[in-house]
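In what follows, chains are A, B, ... by sequence order, proteins preceding strands, each numbered from 1.
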Number of protein chains: 2
Amino acid sequence: MPKNKVVSLNKLKVACKNCGLAKLCLPLGLDSGDIDQLDAIVQRNRPLHRGGHVFQTGDKFRSLYVVKTGTIKTYTQCPNGSEQVVGFHLPGEVVGLDGIECDKHLCSAKALETTAVCEVPFGRLEELTSSIPGLQHQLFRLMSREITKETGLMVLLGKSTAEERLAAFLLSLSVRFHNRGFSPVEFNLSMSRQEIGSYLGLALETVSRLFTHFQEESILLVDRKHIKILDMDQLYNLLSNQTTCLDRLQAPN
Amino acid sequence: MPKNKVVSLNKLKVACKNCGLAKLCLPLGLDSGDIDQLDAIVQRNRPLHRGGHVFQTGDKFRSLYVVKTGTIKTYTQCPNGSEQVVGFHLPGEVVGLDGIECDKHLCSAKALETTAVCEVPFGRLEELTSSIPGLQHQLFRLMSREITKETGLMVLLGKSTAEERLAAFLLSLSVRFHNRGFSPVEFNLSMSRQEIGSYLGLALETVSRLFTHFQEESILLVDRKHIKILDMDQLYNLLSNQTTCLDRLQAPN
DNA sequence: GTCGAGTATTGATCTGGATCAGTTTTAGCG
DNA sequence: CGCTAAAACTGATCCAGATCAATACTCGAC
């Protein structure tokens, strides 16, 4: 923890109370004074470049990380070298919860584009719960939501078609962008077809074909990584039998 | 019946400190006095019969439940009526964590056989963290483990063959039984082929065929719900490319 | 600008496991 | 005990999506 990055820190130091993400993030439901206390332990390091790691499998667990801008993907490496994406994390979403159990990270987290994260040392966060009523419950809620989201994805992977999986993925992104103040119908994917496929348990060719197919059906307009949803209803209808996991994937955070 | 009831209730009132599961359960890492405090809030209701519900989707969230004896399955109901199993829970394992987020349960939990559970009112559990150092961290660890386990299952569902899935499932059970003092090589399945299939994202026919196949390969001896693992090494080898999720599924709890 | 490497698209083929269908076994019950 | 319904097994067929293969596009480096 060097203390000589005064200049870059100033540029990055958006206090939690001034941060547009506060309603989605850890401070949710805390009052102004409490947020100041939380703010005091948050470390704001310089942004990561595309490909930079927040942490890697096996690293000692010290902190949770909240995405401020950009996108983080979490993934595990299989023995044969191939990687499996386990999550995409947008601004306001927390990364690193899997590290609490064994005190070391069980997956790796890397930036898909230039990305800024807020580092929250977990030991100090745990201490803060004694002086901030509600913070403990907020953390339990956050972890419960993570469990819910993963359950939703399990259900999706267990019994849905490729079409349903991609539709659910796009709708999840749509809702999450919307919650963050961006357009729910037009956005850029920061991940490759390969990464989408890995996350959804599909081959990259299948993902590519589905984009083409959705475009032919006038559900989407696809230009490389730029997506425009033309017919939201039709996209929802593809999931009519999957409302359970859809609800879960659309959880507010 | 009335006479028996008293006796059986007395028999059920095993204090946490005398419970054989304490090393796997919430009291893990707490000292004797702390366990007494925890014990004081735990409710031990009469056992559930096969098919009885611990809670159902939409119920208000009040408590976590720890399986004492028997097995609980958690599942969600799809709009079309079919159900999707999301977990099987053995003695010492906690059920209900998904309810914290929205203050209501998002899945249902029912007994697969006669099953006793310890009910832990969550509000009181949260209060207890202020007087029991370490309990908060233990709860965070517990939830982190849940996230880890679900991630492991996601990976399994995303990219593994039917054979690998069933092998991983059996090995997971084996380890969990072993941790609970039972034989790791011989046990009874409390769930149907249908339920195993639902959990693993397979058709019940596929599960049935795989049991036959494993038996032909002298990996297993299968007699209806009774399983004997004849060749543990071969079962492991089926997962050679899947060590990541194997580790996760074998998490101590 | 050209080059080259990564990424995406599209087509052709193959296959694991779903689905359908029929049979057998088991468990529950009057 | 036999009757019934659910669960399990087994065989035959089919198809969604993987895999293999070839081509096209994008973008940064020089």
key: Rounded distance (Å) that lies between atom C1' of dG16(C) and atom CD of Glu205(B)   = 14 Å

ask   = Checking only heavy atoms, does the side chain of Arg165(B) share a donor-acceptor pair with the base of dG17(C) at less than 3.5 Å?
value = no

query = What nucleic acid atoms does Ala203(A) come within less than 4.0 Å of, heavy atoms only: base, sugar-phosphate, or nothing?
reply = base

key: Distance-only donor-acceptor check, side chains Lys149(B) and Ser172(B), under 3.5 Å   = no

message = Is the distance from the ring center of Phe187(B) to that of Phe182(B) below 6.0 Å?
response = no

query = Base, sugar-phosphate, or nothing: which does Gly201(A) touch, judged by heavy atoms less than 4.0 Å apart?
reply = sugar-phosphate

message = Whole angstroms only, please: what is the NE2-P distance between His213(A) and dT9(C)?
response = 15 Å

inquiry  = So if I take the C1' atoms of five pairs at each end of the helix from dG1(C)-dC30(D) to dG30(C)-dC1(D) and get each local axis, what angle do the two axes make, rounded to 10 degrees?
reply    = 40°

request  = Could you tell me which residues satisfy side chain to side chain donor-acceptor pair (under 3.5 Å) with Thr57(A), sequence neighbours excluded, listed by chain and number?
outcome  = Ser108(A)

message = Can you tell me how far apart CE (Met191(B)) and NZ (Lys73(B)) are? Round to the nearest 0.5 Å.
response = 10.0 Å

key: Nearest-neighbour nucleotide for the Arg50(A) side chain, dT7(C), dT10(D), dA18(D) considered   = dT7(C)

key: Value in whole Å for how far the C1' atom of dA5(C) lies from CD of Gln194(A)   = 15 Å

task = Take atom CG of Leu204(B) and atom C1' of dA7(D), then tell me their distance rounded to the nearest Å.
result = 9 Å

query = Atom CG of Leu189(B) and atom P of dC9(D): how far apart are they, to the nearest Å?
reply = 10 Å

query = Roughly how many Å is it from CG in Asn188(B) to C1' in dA7(D), rounded to a whole number?
reply = 16 Å

ask   = Counting heavy atoms not belonging to His178(A), are there more than 12 under 6.0 Å from its NE2?
value = no

ask   = Are any of the side-chain nitrogens in Glu113(B) or Lys225(B) under 4.0 Å away from the carboxylate oxygens of its partner?
value = no

inquiry  = Heavy atoms within less than 4.0 Å of DNA chain C: which residues of residues 215-228 of chain A have one? Give them sorted by number.
reply    = Arg224(A), Lys225(A)

query = Want to settle it: does Val207(B) or Ala162(A) sit nearer the 5' end of DNA chain D, counting the closest nucleotide to each?
reply = Val207(B)

message = Tell me which one of Val95(B), Asp98(B), Leu106(B) satisfies side chain to side chain contact (heavy atoms under 4.5 Å, CB included) with Thr74(B).
response = Val95(B)

inquiry  = Using a heavy-atom cut-off of 4.0 Å across all strands, would you classify Leu202(A) as base, sugar-phosphate, or nothing?
reply    = sugar-phosphate

message = If we check side chain to side chain contact (heavy atoms under 4.5 Å, CB included) with Tyr65(A), which of these qualifies: Asn45(A), Val54(A), Leu97(A)?
response = Val54(A)

message = I need the Gln56(A) CD to Lys110(A) NZ distance, nearest 0.5 Å.
response = 8.5 Å

query = So which nucleotide from dG17(C), dT7(C), dG17(D) ends up closest to the side chain of Thr206(A)?
reply = dG17(D)

Distance in angstrom units between Phe211(B) CZ and dT25(C) C1', rounded = 17 Å

ask   = Parallel, tilted or perpendicular for His105(B) and Phe61(B), by the 30°/60° rule?
value = perpendicular

inquiry  = Need one value for Ser192(B): base, sugar-phosphate or nothing, where a base atom within 4.0 Å counts as base even if backbone is also close, heavy atoms only.
reply    = sugar-phosphate

query = Think Thr212(A) has a side-chain N or O under 4.0 angstrom from the OP1 or OP2 of dT10(C)?
reply = yes

query = Would you say the side chain of Arg209(B) and the base of dT19(C) hold a donor-acceptor pair, judged only by whether the two atoms sit under 3.5 Å apart?
reply = yes

request  = Output the single nucleotide from dT19(D), dG17(D), dG17(C) whose closest atom is nearest the side chain of Thr161(A).
outcome  = dG17(D)

key: Separation of atom CD1 in Ile196(A) from atom P in dT9(C), rounded to whole Å   = 10 Å

